[in-house]
Protein chains: 2
Amino acid sequence: MRILGIDPGLRRTGFGVIQVSGTRLAYITSGAIVVPTNQPLSLRLKVILDHVREVVQATKPTVSVLEKVFVNTNPTTTLLLGQARGAAMCALADCDLEVYEYTALQIKKAVVGNGHAAKEQVQHMVQHLLKLSGLPSEDSADALASAICHAHTHPLTHRIKESGTLAATSELRLRAGRILG
Amino acid sequence: MRILGIDPGLRRTGFGVIQVSGTRLAYITSGAIVVPTNQPLSLRLKVILDHVREVVQATKPTVSVLEKVFVNTNPTTTLLLGQARGAAMCALADCDLEVYEYTALQIKKAVVGNGHAAKEQVQHMVQHLLKLSGLPSEDSADALASAICHAHTHPLTHRIKESGTLAATSELRLRAGRILG
């Protein structure tokens, strides 16, 4: 099972891909889609749509996971987040990928063991679980954490053994239409 | 100029297409994408994505208009609406259509002359302006009203003369993957 995790946002949409082989977790790639802020909303959403599709085509996941966005007390912010999330979800569905959803609380609980863990704890735990050589960025860490959460949660996957994972390789970044190595 | 108006919603997404020739408005088609409610969110959004793209391919609009959704006091509802809106906007942007946005208040003001007009007044005014043989459904009326609003508002379009419009023809309906005549 290869899991693509997405952390949707209208400024930055994080993504992370892991491979699950039996009880082993291996890091494949991760990064962030940086969405230009000086463009009309429809073009910003299209950046998310196009680039999530591009990540799917490049990494060939078998399943996808979307972090449930925080329902903000500001309705306008919630609406904007909803639209970004809609675009990411459309891209996944457009690639015929099944989409699983977890809240930030579920993800933190699965990865750190504490639903109210700080961002830094998630980053450190993702680095540890995937044997990354460096600390992943916040965007990457959140997306990878949602993928790890699915590996923990999904009935087909056994308990994750922390040892025996493959080493991390490259980090993929996408900015305004181009993949940056 | 051929304008496609969209009134996004997670249960029903209304659409309406009008042709503007000089000062004339002609009805092309309208209807509603009926989204199945018993499916996962990603598949529901894909229904909107696919069917809005289908409407664009079938009607070849030159510009599109999206009604700004009502920011509900319930954040969960706002998030769901945002996702439906994101899916509709992605479909339009995916077809390389420019997307204009108007609030319900602007649309009602442009069509009825009163930003707080009732739904029925909008339906009647749309019927009158487009010389429709019958009263359009609420979904169709809202989408057509947003297209009319753009025809009124856009600088390239002159003032709309109510006389001299072409007669309405068919109403298109899409339900769960099929276009209903």
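Here is how names work: the chains are called A, B, and so on, in the same order as the sequence lines, proteins then strands, and each is numbered from 1.
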Item to check | Among the listed options P75(A), A91(A), S64(A), A88(A), the residue most often paired with chain B at heavy-atom distances under 4.5 Å | outcome: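 Among the listed options, the one with the most contacts to chain B is P75(A).
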Checklist entry - G82(A), A87(A), G86(A): which one forms the most heavy-atom pairs within less than 4.5 Å of chain B? => result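 Top option by heavy-atom pairs under 4.5 Å: G82(A).
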Non-hydrogen atoms of chain B under 4.5 Å away: do they reach the side chain of [X], the backbone, both or neither?
X: L66(A); answer: neither
X: R44(A); answer: neither
X: D50(A); answer: side chain
X: E101(A); answer: side chain

Within-4.5 Å side-chain heavy-atom neighbours: [X] and [Y]:
X: R85(A); Y: L41(B); value: yes
X: K46(B); Y: L92(A); value: no
X: L81(B); Y: Q83(A); value: no

Next on the checklist: I'd like to know whether R53(A) forms a side chain to side chain contact (heavy atoms under 4.5 Å, CB included) with D94(B), so could you lay out the CA-CA distance, the side-chain angles of the two residues, the decisive distance to 0.1 Å, and finally the verdict.
Outcome noted: CA-CA 12 Å; R53(A) 284 194 295 216; D94(B) 205 29; 2.7 Å; yes
Next on the checklist: Starting from V126(A), can I reach M1(A) by hopping between I/L/V/M/F/W/Y residues whose side chains sit under 4.5 Å apart?
Outcome noted: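 As far as the 4.5 Å side-chain criterion goes, V126(A) and M1(A) are connected within one cluster.
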Item to check | Cluster check Y102(B), V112(B): I/L/V/M/F/W/Y, side chain < 4.5 angstrom | outcome: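 Hydrophobic grouping puts Y102(B) with V112(B).
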Checklist entry - Out of L79(B), T76(B), N74(B), which residue meets the side-chain contact (heavy atoms from CB on, under 4.5 Å) rule with T78(A)? => result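 Result for side-chain contact (heavy atoms from CB on, under 4.5 Å) with T78(A): L79(B).
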Item to check | Nearest-0.5 Å distance, SG of residue C90(A) to CG of residue L49(B) | outcome: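 Going from the SG atom of C90(A) to the CG atom of L49(B) covers 4.5 Å.
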Item to check | Non-hydrogen atoms of S42(B) and V99(A) that approach each other most closely | outcome: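 For S42(B) and V99(A), the tightest heavy-atom pair comes out as CB-CG2, 3.6 Å.
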Item to check | K119(B): side chain to side chain donor-acceptor pair (under 3.5 Å) partners, not counting sequence neighbours | outcome: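 Once residues adjacent in sequence are excluded, the partners of K119(B) under the side chain to side chain donor-acceptor pair (under 3.5 Å) criterion are D142(B).
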Next on the checklist: Using heavy-atom distances under 4.5 Å, tell me whether P40(B) contacts chain A through its side chain, its backbone, both, or neither.
Outcome noted: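 Answer is neither: P40(B) stays 4.5 Å or more from chain A.
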